[in-house]
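Comments concern the structure below.
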Amino acid sequence: MATTVLTFHVQPRASATEIVGWHGDAIKVRVAAPPVDGAANEALTRFIADELDVSCSAVQVIAGGTSRRKRVAIDGVDGGKVLEVLGVG
C-alpha cells in the first residue's frame, strides 16, 4: 500500500472548500472552516478523503498543524493518482 506525502497551502474561512491550484510548490486549498481548535485541519483532511474516496483515517496532517503550510500523508493512493483526482496533476 502506497503512502503519498504532499504539501498544502491552506486558506481558512473561505466561502467554500476547494482546490485552487498551486501556491509555489504547495497545492493551495481554500477551506470554509476557521483556523480554530483544529477545525481547518479537520476540514482539509475530510475534503481530501472525500475527493480521493478513502477513509478519513487514511489522511493525516503530519507537519504544520498550526501553520497554513501543511504536510499531509495519504495512505493507499499513488501520488500521480492523487494529483490527477485533485485536478492539479
Side-chain angles (χ1 to χ4, degrees):
M1 190 176 289
T3 297
T4 301
V5 178
L6 295 171
T7 303
F8 289 87
H9 178 85
V10 179
Q11 178 185 343
R13 290 195 175 116
S15 59
T17 300
E18 62 187 352
I19 301 285
V20 179
W22 290 95
H23 183 82
D25 64 344
I27 300 168
K28 185 171 182 179
V29 181
R30 293 184 182 135
V31 295
V36 178
D37 297 329
N41 290 343
E42 184 179 327
L44 174 66
T45 56
R46 187 174 46 244
F47 174 74
I48 293 169
D50 288 347
E51 290 293 304
L52 298 174
D53 196 28
V54 297
S55 68
C56 286
S57 63
V59 182
Q60 182 178 12
V61 175
I62 58 172
T66 59
S67 170
R68 285 183 175 223
R69 188 174 176 87
K70 303 178 187 304
R71 302 269 297 160
V72 177
I74 305 160
D75 291 331
V77 185
D78 177 64
K81 176 78 171 169
V82 171
L83 296 177
E84 179 184 326
V85 170
L86 295 181
V88 291

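Here the structure is a predicted model, which is why all the values come from computation and not from measurement.
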Please give me the minimum heavy-atom distance between [X] and [Y], naming the atom from each residue.
X: P34; Y: P12; answer: C-CB, 4.4 Å
X: V77; Y: V54; answer: CG2-CG1, 3.6 Å
X: S55; Y: A49; answer: O-CB, 3.8 Å
X: A32; Y: T17; answer: N-OG1, 3.0 Å
X: W22; Y: V88; answer: NE1-O, 3.2 Å
X: G79; Y: T4; answer: N-OG1, 3.1 Å

Original post:
Is V5 reachable from V85 through a run of hydrophobic residues whose side-chain heavy atoms are each under 4.5 Å from the next?
Top reply: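 Cluster IDs for V85 and V5 differ.
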
Taking the side chain as every heavy atom from C-beta outward, state whether [X] and [Y] have any pair of such atoms under 4.5 Å apart.
X: H23; Y: T7; answer: no
X: V31; Y: E42; answer: no
X: V72; Y: L6; answer: no
X: L86; Y: F8; answer: yes
X: I27; Y: L83; answer: yes

Please round to the nearest 0.5 Å and tell me the distance separating atom [atom1] of [X] and atom [atom2] of [Y].
X: K28; Y: R68; atom1: NZ; atom2: CZ; value: 8.0 Å
X: K70; Y: H9; atom1: NZ; atom2: NE2; value: 10.0 Å
X: D50; Y: T45; atom1: CG; atom2: OG1; value: 9.5 Å

**OP:** Applying side chain to side chain contact (heavy atoms under 4.5 Å, CB included), run through I48 and V82 and close with a yes or a no.
**Re:** CA-CA 9 Å; I48 293 169; V82 171; 5.8 Å; no

